[in-house]
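See below for the structure under consideration.
Atoms within each ligand, like the ligands themselves, are counted from 1 in listed order. Because the structure is a prediction, the values reported are computed rather than measured.
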Amino acid sequence: MSQETNFIAGEWVVASKATANINPSDTNDVLGEFAQGSSADVGEAVAAARAAFPRWSRSTPQERHDVLKRTGDEILARKDELGRLLSREEGKTLPEGVGEVTRAAQIFHFFAGECLRQAGDKLASVRPGVEVEVTREPIGVVGLITPWNFPIAIPAWKIAPALAYGNCVVIKPAELVPGSARALVDIIARAGVPAGVLNLVMGKGSVVGQAMLEHPGIDAISFTGSVPTGRAIAAACVAAQPMKKVQLEMGGKNPLVVLDDADLTVAVDCAVNGAFFSTGQRCTASSRIIVTEGIHNRFVDAVAERMKALVVDDALKAGTHIGPVVDAKQLEQDLSYIDIGKAEGARLVLGGERLNRATPGFYMAPALFTETTADMRLNREEIFGPVASVLRVKDYDAALAAANDTAFGLSAGICTTSLKYSSHFKRNAEAGMVMVNLPTAGVDYHVPFGGRKGSSYGSREQGRYAVEFYTTVKTSYTLP
Ligand code: NAD
């Protein structure tokens, strides 16, 4: 069995402990033993990153471009193999895994270009003879903490801008999916990133993550994960001495509104894709489907019909639509919400039971609830599994109010053929991303990603907006 190590100061380093990486489609299949880092490993990684920073922060845009471009090229060339690894460790289907890997490559190519487009401002001063320049500089050493549900895309959309803008990095991937992050770091190392610029420490959040939060040599933390962890991270960053810059992308309870005038086929596609693809384990999943009275019954019948045709099976098997839940704990949580929904008085139309397949895995039938109300836990708490609830409302105004009646604000969708309602929804949905006749999940790689309210904190990720987090602004005054 392979022994996967941490990457510190340009070397692959054995950790004192290791843990098995298990395939959720087949728990007999172990991908390897992966390092369980310690706080001492974090100390060494930060020291290496600090030592590398003076040179990397002054490297030419061409050098950084070339590293990122070569990284994107190799990821793309190996997308099938890396997609397989990703699907094997996380459980999304092979086409979804390959799609995510392709996106990671595109992100590296985008930020390779951004290396060459870093600009500042030169202004006339309000004082005679003085010149003013506003420039951006890297922040320093950035700590990246990532979740399990996008094992390569999220590390990619944090590492690529961090490096593009001249920062050094310590990354801690989620315990459940270290393999994809390890493969990515290996590619970037071979693409020529200098020793110490990028360091990988795998392991537990409570050990490795905590050590990153406490280390004074880390200047900023970019985190994606759950709300409770995000809150604790923000508090730790503010309490740190010196304080750390922080960016949080957290949970969602994303609404998909379906109006009477919607194209039924489009609406059903959006609901089934948004709620159940990637096993519902997307922060942008459509977990609340808000449907107006006139189309409600036809819509529910059509969604149920489509759900019956969904194949839940091994993520690597051809023809699988929905892979397993990521692990036993998450499956238990998903199943507990089925009981909660029933106890709250919602009607389970179909699904929600554990499934057995040829291999031992964490399979669950996608579940659809109807007759739900806004105050049910089903509609208020992020489940993060293949569970969706339908809320019946009278009209568009009630639908918009229901869509915004949540502590979250990541993505919001509407299915309608009305320009009036789609325009109004785009303006008034309290979300960072709004989709019209598209699923709430599934976004472009070159534009900002993020939310409002309880979903996000700090500046946006991805696209040109990433520059806000990964740089700090300097204003210089000169009297020539
Ligand atoms: P999580 O919060 O349990 O863990 C996220 C990361 O934080 C992991 O690497 C974990 O090890 C680390 N961590 C845990 N405790 C820590 C601590 N005390 N100090 C430092 N680090 C710590 O989340 P998860 O279960 O891996 O991911 C699922 C969650 O992520 C869902 O809530 C989902 O909505 C969210 N998510 C959000 C986005 C987004 O962009 N908004 C994208 C994907 C996932």
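- Applying side-chain contact (heavy atoms from CB on, under 4.5 Å) to Tyr445 and the options Phe108, Phe111, Phe110 leaves one that passes, Phe110.
- Salt bridge annotation for Asp26-Arg88: absent, with no cationic side-chain nitrogen under 4.0 angstrom from a carboxylate oxygen.
- No side-chain donor-acceptor contact under 3.5 Å links Glu114 and Gln118.
- For the 3.5 Å distance criterion, the side chains of Thr440 and Ser411 fail to qualify, holding no donor opposite an acceptor.
- Listed by chain and number, Ile145, Thr146, Pro147, Trp148, Asn149, Ile154, Lys172, Pro173, Ala174, Glu175, Gly205, Gly209, Gln210, Leu213, Phe223, Thr224, Gly225, Ser226, Thr229, Ile233, Glu249, Met250, Gly251, Cys283, Glu382, Phe384, Leu410, Phe449 each place a non-hydrogen atom less than 4.0 angstrom from ligand 1.
- Using a 4.0 Å cut-off between charged nitrogen and carboxylate oxygen, Asp186 and Arg190 count as a salt-bridge pair.
- Judged purely by distance below 3.5 Å, without hydrogens or angles, the side chains of Ser389 and Asn379 pair a donor atom with an acceptor atom.
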